[in-house]
Amino acid sequence: MYRSVFKPALFEGRTILVTGGGSGIGRCTAHELASLGAHLIIAGRRIEKLETVKAEIETAGGSCETHAFDIREEAQVKDAVAKMVAKNARIDGLFNNAGGQFPAAAEKISAKGFDAVVRNNLTGGFIVSREVYTQSMHQHGGAIVNMAADFRNGMPDMVHTGAARAGMVNMTMTLAYEWAVSGVRVNAVSPGWVASSGMDTYTGDFKARIPAFKNAVPLGRLGTESEISAAVCFLLSDAAAYITGAELRIDGGAPLANRSFDLPASDKSKPFDGFHLAATPKILGGS
C-alpha cells in the first residue's frame, strides 16, 4: 500500500483528474490520491498504460476510471471532460501533469519541434484547465496544480520546454487571479531532476549525463516521484485553502548552486519514497 504522510480519507468523496497518469510522476500521484480516498480519473494518449495503472489502483483498494485523449487537441479535451462530468457530476481537483520533450541544442530545434513541445507542456495544460473550469469548477469550485520545472538558470538542451514551463508558471498566476471568484485555487509545482521512468526515454549523450546531475544539487541527490506527489497532494488539499497563484519548487536547491564554487559531496539528505511500486530508472542502476 502507498505510504502517504497524509491522513487516511483526506480526499474521500472527491473526484480528481490526473493527466499523464499512465507513468512516472502522474502514476505515482494517482496512486497516492486514490490511497487517500479520492476517485481518480487518469488520462493519457495510450489506453493500455492507463488501464494498467487503473488495475494497480483497484488492486490496492482504490477507485479509478480512464479516459484516453490528446491534451493538445481541443475537441478531444472538450468531449472527454464532458464525459467525466456527466459520469461524476463534478471534478474537484486537477493535476495538469501531462507533457514531454526531447533534448537538443537550441540551434538544432526546428520551429515545428519547438511548437510541438510548447503545445505539449503549455497549451495542452491550458486547454484542459479551461474545460475543467468551464464545465465544472466554475460552478463548484476546486483546485488545480500545474506541472512546471526548474528553469531558474535556463535549461540547456531544453530551450523549448524551459520556455513552456516558464509560461505555465505565469499562466498559473493569471488563472489564480481570474478564477478565484469561483472558489478555484491554481498553483504550480516545479520539480528539479527526479528519478522517474521518463529518464529512460532519453538517449545518447544527454542520457549518459543523467547520473551526474546530482552533483549540481546542494542536497546531493535526485528527487523521488513520491516527493513530487506529496507536494501536489498538499496543494490539492484543504490545508492549502489560502494558497493560490504560488509556485512550489521541489528541486533540492538546484537553482542555488553557484558555478563558481564546487559543491561538497554529501549523503546526508535521505529521500522520501512512499510509492510501493516505485522503480529505479535503468540509467541510475535499476533493473
Side-chain angles (χ1 to χ4, degrees), residues 1-6 18-36 40 42 44 46 48-57 59-60 62 64 95 97-103 121 147-150 155 157-158 161 165 189-234 248-254 257 263-287:
M1 295 291 292
Y2 201 104
R3 300 178 298 278
S4 177
V5 301
F6 299 102
V18 175
T19 65
S23 62
I25 292 169
R27 170 178 172 247
C28 175
T29 305
H31 268 275
E32 182 164 18
L33 290 165
S35 77
L36 297 171
L40 258 293
I42 55 173
R46 292 180 53 191
E48 299 83 7
K49 293 173 66 175
L50 298 174
E51 288 297 328
T52 296
V53 176
K54 178 178 184 289
E56 292 173 352
I57 289 173
T59 297
C64 183
F95 178 29
N97 167 73
Q101 57 276 315
F102 58 90
N121 292 340
M147 175 64 82
D150 168 23
M155 294 186 72
D157 287 340
M158 292 281 189
T161 195
R165 305 299 189 174
V189 290
S190 291
W193 290 109
V194 177
S196 184
S197 58
M199 285 188 162
D200 287 327
T201 65
Y202 297 120
T203 59
D205 179 64
F206 188 89
K207 183 174 183 177
R209 298 203 307 267
I210 289 176
F213 286 165
K214 65 180 182 179
N215 299 332
V217 179
L219 286 184
R221 63 176 178 87
L222 306 185
T224 68
E225 295 171 342
S226 300
E227 289 167 330
I228 312 306
S229 177
V232 173
C233 288
F234 167 68
L248 178 56
R249 288 170 31 204
I250 317 162
D251 53 27
L263 280 171
S266 174
D267 60 358
K268 301 297 184 183
S269 176
K270 303 303 180 185
F272 167 69
D273 192 358
F275 188 19
H276 57 299
L277 298 180
T280 302
K282 294 178 181 178
I283 188 61
L284 297 177
S287 58

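Closest non-hydrogen pair, Gly252 versus Val217, comes out as O-CG1, 3.3 Å. Leu40 and Ala34 get closest at one heavy-atom pair: CD2-N, 3.5 Å. The two atoms that bring Lys49 and Ser23 nearest to each other are NZ-OG, 3.5 Å, heavy atoms only. Scanning all heavy atoms of the two residues, the minimum distance from Ala148 to Pro191 falls at O-CD, 3.6 Å. The nearest pair of heavy atoms linking Cys233 to Leu36 is SG-CD1, 4.3 Å. Between Arg165 and Ala149 the shortest heavy-atom distance is CG-CB, 3.7 Å.
Counting only residues at least two apart or in different chains, salt bridge (Lys or Arg N to Asp or Glu O under 4.0 Å) contacts with residues 214-225 comprise Arg221-Glu227.
Under the 3.5 Å distance criterion, the side-chain polar atoms of Asn97 are matched with a main-chain donor or acceptor of Gly20.
Side-chain contact between Ser226 and Glu32 is absent, with no heavy atoms from C-beta onward closer than 4.5 Å. For the pair Lys54/Leu50, no side-chain contact is recorded, criterion being any heavy-atom separation below 4.5 Å from C-beta on. Two residues are said to be in side-chain contact when any heavy atoms from C-beta on lie closer than 4.5 Å; Cys64 and Val53 fail this criterion. Residues Arg3 and Ser35 form no side-chain contact, since every pair of their non-hydrogen atoms from C-beta on lies 4.5 Å or further apart. Counting heavy atoms from C-beta outward, Leu33 and Phe95 have side chains that stay 4.5 Å or more apart.
Asn121 and Thr161 share a side-chain donor-acceptor pair at under 3.5 Å.
Ring planes of His276 and Tyr2: perpendicular class, angle over 60° (limits at 30 and 60°).
Here the CG-CD1 distance, from Leu277 to Ile57, works out to 10.0 Å after rounding to the nearest 0.5 Å. With rounding to the nearest 0.5 angstrom, the CD1 atom of Ile42 is 8.5 Å from the CD atom of Glu56. Residue Ile25 holds its CD1 atom at 9.0 Å from OG1 of Thr224, rounded to the nearest 0.5 Å. The OG1 atom of Thr59 sits 11.0 Å away from atom CE of Met1, with the distance rounded to the nearest 0.5 Å.
Tested against Ile250 for a side-chain contact (heavy atoms from CB on, under 4.5 Å), the candidates Asp150, Ile228, Val194 yield a single pass: Ile228.
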